[in-house]
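To start, the structure under review is shown below, and the notes come after it.
Quick caveat: nothing in here was measured; it's all calculated off a predicted structure.
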Amino acid sequence: MTTYRARPVTPATLRELRAADESGRPLSPFTDAEGGAPLRCCLRRSVPGERIALVSYAPLRRWAAGTGARPGAYDEQGPVFIHAEECAGPDGSGGYPFGGAHRTVRRYSRDGHILGGELVGELGEDAFRNAFDDPSVALVHVRAVEYGCFLYEVRRS
């Protein structure tokens with residue numbers, strides 16, 4: 001059983017991103033010929049032949065809008081893959097997707113400021129328990145090391 005939950009991009013946000021991404025660009029879907037793209041809508045890798053899109057997304061900005069946080073310079077946006085059309089979301093099996101590679105677990109305060117990060121070789125309970133041991137941590141972003149891209153958010157249970 002997992003104590004912490006990987007959170008996909010919400011369906012409401014996905015609808016907005018499919019209309020125009022955080023940079024104001026319209027959706028530009030394509031057929032994924034190779035597969036393997038980390039889809040933030042359903043937290044799995046794409047398979048060849050799926051229609052996906054690469055959009056600009058600002059996860060901390062979205063969280064801050066709902067909490068009143070003011071991340072200032074920490075408000076960054078970057079590229080994420082999503083299905084070009086609505087999907088069923090995560091399969092409900094739990095766990096921590098996109099493992100098998102080094103990841104960065106980045107911690108944020110209630111104000112939306114970075115409190116630090118940790119390079120982890122294995123995404124699991126220990127990584128998140130360590131991150132949330134500090135009571136000033138409000139949420140965590142899991143990011144890819146190779147490109148720094150946002151993969152998903154984890155909050156306290």
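- Using a 4.5 Å heavy-atom cutoff, the side chains of Ile52 and Phe30 are in contact.
- Using a 4.5 Å cut-off between side-chain heavy atoms of Ile, Leu, Val, Met, Phe, Trp and Tyr, with links allowed through other members, Phe98 and Val142 fall into the same hydrophobic cluster.
- Note on Arg62 versus Glu16: salt bridge recorded, some NZ/NE/NH1/NH2 to OD/OE distance being below 4.0 Å.
- Side-chain contact annotation: Asp91 with Ser93, donor-acceptor N/O pair under 3.5 Å present.
- Ion pair Glu118/Arg103 not flagged as a salt bridge, since none of the NZ, NE, NH1 or NH2 atoms sits closer than 4.0 Å to an Asp/Glu carboxylate oxygen.
- Without hydrogens or angle criteria, Arg107 side chain to Ser136 main chain gives no donor-acceptor distance under 3.5 Å.
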Legend entry - Derivation and outcome, side-chain contact (heavy atoms from CB on, under 4.5 Å), residues Ile114 and Tyr108: CA-CA 5 Å; Ile114 293 175; Tyr108 291 90; 3.3 Å; yes

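- Between Leu54 and Asp21, the closest side-chain pair of non-hydrogen atoms is not below 4.5 Å.
- Atom CD of Glu50 and atom CG of Asp32 lie 7.5 Å apart (nearest 0.5 Å).
- Grouping the Ile, Leu, Val, Met, Phe, Trp and Tyr side chains by contacts below 4.5 angstrom, directly or via other members, places Val137 with Val105.
- Side-chain atoms of Asp111 and Tyr74, non-hydrogen and from C-beta on, never get closer than 4.5 Å to each other.
- Residues Thr3 and Phe132 are not in side-chain contact: their nearest non-hydrogen atoms beyond the backbone lie 4.5 Å or more apart.
- With a 4.5 Å cut-off on side-chain heavy atoms, Arg51 and Glu85 do not count as touching.
- Residues Phe128 and Val140 meet the side-chain proximity criterion, which asks for heavy atoms closer than 4.5 Å.
- Grouping the Ile, Leu, Val, Met, Phe, Trp and Tyr side chains by contacts below 4.5 angstrom, directly or via other members, places Leu39 apart from Leu151.
- Here the shortest heavy-atom pairing between Arg45 and Pro38 reads NH1-CD, 3.7 Å.
- Checked by atom type and distance alone, the side chain of Arg7 never pairs as donor or acceptor with a backbone atom of Arg5 at under 3.5 Å.
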Inset, instruction - Give the C-alpha distance, both sets of side-chain angles, the deciding distance and a yes or no for salt bridge (Lys or Arg N to Asp or Glu O under 4.0 Å) between Arg18 and Glu86. - result: CA-CA 9 Å; Arg18 288 181 181 117; Glu86 188 175 337; 5.9 Å; no

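- For Arg110 (side chain) and Ala138 (main-chain N/O), no donor-acceptor pair under 3.5 Å exists by modelled atom type.
- Just one of Cys41, Cys87, Pro90 meets the side chain to side chain contact (heavy atoms under 4.5 Å, CB included) condition when paired with Pro8; it is Pro90.
- Note that the CZ atom of Arg156 and the OH atom of Tyr4 stand 7.0 Å from one another [nearest 0.5 Å].
- No more than 12 heavy atoms of other residues, nucleotides or ligands shown are found within 6.0 angstrom of CD on Glu34.
- In this structure the side chain of Ser46 never reaches within 4.5 angstrom of the side chain of Phe81, judged on heavy atoms.
- Under a hydrophobic-cluster definition in which Ile, Leu, Val, Met, Phe, Trp and Tyr are linked whenever side-chain heavy atoms come within less than 4.5 Å, directly or via other members, Leu27 and Tyr57 are assigned to the same cluster.
- The closest side-chain heavy-atom distance from Phe150 to Leu60 is not below 4.5 Å.
- His113 places a side-chain N or O within donor-acceptor distance of the main-chain N or O of Arg70, the cut-off being under 3.5 Å.
- Note on Leu43 and Val120: same hydrophobic cluster, where clusters join Ile, Leu, Val, Met, Phe, Trp and Tyr whose side-chain heavy atoms are under 4.5 Å apart, directly or indirectly.
- A donor-acceptor contact under 3.5 angstrom links the side chains of Tyr96 and Glu125, judged on distance only.
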